[in-house]
Amino acid sequence: MFAAERRQLILEMVRANGAVSLRELARVVQTSEVTVRRDVRALEAEGLLDRRHGGAVLPGGFTRESGFPQKSHLATAEKTAIADCAAGLVEEGEAIVVGAGTTTQELARRLARVPGLTVVTNSLLVAQALAHANRVEVVMTGGTLRGSNYALVGSGAEQSLQGLRVSKAFLSGAGLTAERGLSTSNMLSASVDRALVQAAAEVVVLADHSKLGTDTMFQTVPTDVITRLVTDEAPAHDDRAAAELQALADQGVEIAVAGASGGATNAQGGSGGPGAPGVPGASGASGGEGGPGRRQRRDVPLPGPRRQVPGAAAGLRSAGPLGEQPGGTERARVADMRRR
């Protein structure tokens, strides 16, 4: 198949499905993923589609939003790693809110094993993932069903969240930048997510590295409200993701990189100390001194081993009244007999 024929077929598949993974494109056009990636890059240069990590989507910038079937096939490995890391932030007996999205759906599947948990959500997919967890209580918001992402939105959903207070909110979105924070392409979804944030003491954003530096139409969570970002390890050549992570860390957002060196690496804005991969200059999870972040920890030195001061032990033994020292009473009695 000639390059022009491949690219025409790729374009037709993306137009028909909204989003298609590179693996699926390579299978249909019967070529390698490297070749397909090159074709997708050429089509993006012509403005015919947008590249996403692991696939291609219809162009649309700020206003376009892929539906659940398309998003569920993009960056699946990254979403799994992020969900594994985020699940470690939830403790037994907590009350949390979980927003709509394919990444939060992956998180919900892991939360089914946390006993005594209460999960408030507007996502039918999150509720379905927890439906058979007999030790987890699920509270659904009201609202109108939005079929593209199986979420409840509108005034009914927002009103049902009034007066609610939980420990953490777990949210995802279409884009994340240090300048605007988390954003999405749909006004109704953004409004409900803001209501979810108002109910939580901490806000945890789940976003794979392809969303870093992407800005969409409606702001959901400003950067200064985000407590922690859980993301995956970006490729070494992805300078945009690295720069965005650094900017987020500089504003005090704690960064947890899932899958980094076999685990999760935490970082927060500050100066000095090793940071998360791709976040030069970021400090450890608790932040460094002098950084511009808003959540800094003051390190308190641990006490060292006690030193034995010469004579100290003896001084302690002679601290009390003379009559209470060892042998003191006997010496006083002998001296009294001699005087007699």
Side-chain angles (χ1 to χ4, degrees), residues 21 52-55 71-91 94 96-114 117 119 123 125-126 129 167-178 181-182 200 202-214 221 223 226-249 251-269 273-280 282-287 295:
S21 68
R52 291 291 183 269
H53 180 70
K71 290 189 289 186
S72 62
H73 292 95
L74 295 176
T76 54
E78 290 81 354
K79 292 172 184 176
T80 299
I82 290 170
D84 287 338
C85 181
L89 303 175
V90 182
E91 300 178 357
E94 270 195 292
I96 63 174
V97 295
V98 180
T102 53
T103 309
T104 52
Q105 181 188 22
E106 286 295 325
L107 170 63
R109 290 177 177 141
R110 288 146 182 81
L111 296 181
R113 300 188 290 268
V114 181
L117 192 64
V119 177
S123 170
L125 298 174
V126 169
S167 59
K168 297 182 184 76
F170 292 87
L171 300 174
S172 61
L176 177 65
T177 66
L182 189 67
E202 299 179 17
V203 178
V204 182
V205 171
L206 313 181
D208 66 80
H209 72 269
S210 67
K211 297 178 181 178
L212 299 177
T214 299
V221 189
T223 305
I226 300 173
T227 307
R228 185 189 300 263
L229 165 66
V230 183
T231 186
D232 64 298
E233 191 170 9
H237 62 273
D238 194 342
D239 295 333
R240 183 181 71 166
E244 208 64 51
L245 280 180
Q246 179 62 66
L248 288 164
Q251 294 196 39
V253 178
E254 298 179 13
I255 311 294
V257 181
S261 304
T265 301
N266 293 324
Q268 182 180 346
V279 192
S283 70
S286 303
R295 294 177 291 273

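Put simply, the side chain of T223 gets close to the backbone of A178: a donor and an acceptor are under 3.5 Å apart. A donor-acceptor pair is defined here as one N or O able to donate and one able to accept, closer than 3.5 Å; such a pair exists between the side chain of T231 and the backbone of A207. A distance-only check finds no donor-acceptor pair linking the side chain of T227 to the backbone of V204 [under 3.5 Å].
When all heavy atoms of A100 and S123 are compared, the pair lying nearest together is CA-CB, 3.7 Å. Between A83 and L107, the closest heavy-atom pair is CB-N, 3.6 Å. Summarising the geometry of E94 relative to S167, their closest heavy-atom pair is OE2-OG, 2.7 Å, with the distance given to 0.1 Å. Minimum heavy-atom separation, V119 to L117: CG2-CD2, 3.7 Å. Of all non-hydrogen atoms in A108 and V126, the two that sit nearest each other are CB-CG1, 3.8 Å. Heavy-atom minimum distance, L206 versus S172: O-CB, 3.3 Å.
Residue K211 holds its NZ atom at 10.5 Å from CG of D232, rounded to the nearest 0.5 Å. The distance from atom CZ of R109 to atom OG1 of T104, rounded to the nearest 0.5 Å, is 10.5 Å. To the nearest 0.5 angstrom, E254 atom CD is 12.0 Å from I226 atom CD1. Rounded to the nearest 0.5 Å, atoms CD1 (I255) and CG (L229) are 4.5 Å apart. Summarising the geometry, atom CD belonging to Q251 is positioned 11.0 Å from atom CD belonging to Q246; distances are rounded to the nearest 0.5 Å. In this structure, CD on E233 lies 10.5 Å from CG on L245, to the nearest 0.5 angstrom.
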Decide yes or no on side chain to side chain contact (heavy atoms under 4.5 Å, CB included) for L89 and V230, but give the supporting numbers first.
-> CA-CA 10 Å; L89 303 175; V230 183; 4.1 Å; yes
Chi angles and distances behind the salt bridge (Lys or Arg N to Asp or Glu O under 4.0 Å) call for D208, K79 | CA-CA 7 Å; D208 66 80; K79 292 172 184 176; 5.8 Å; no
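At least one side-chain heavy atom of L176 sits less than 4.5 Å from a side-chain heavy atom of L248. L111 is listed as a side-chain neighbour of I96, based on a closest heavy-atom distance under 4.5 Å.
With respect to R240 and E244, no salt bridge is recorded, no charged nitrogen being found less than 4.0 Å from a carboxylate O.
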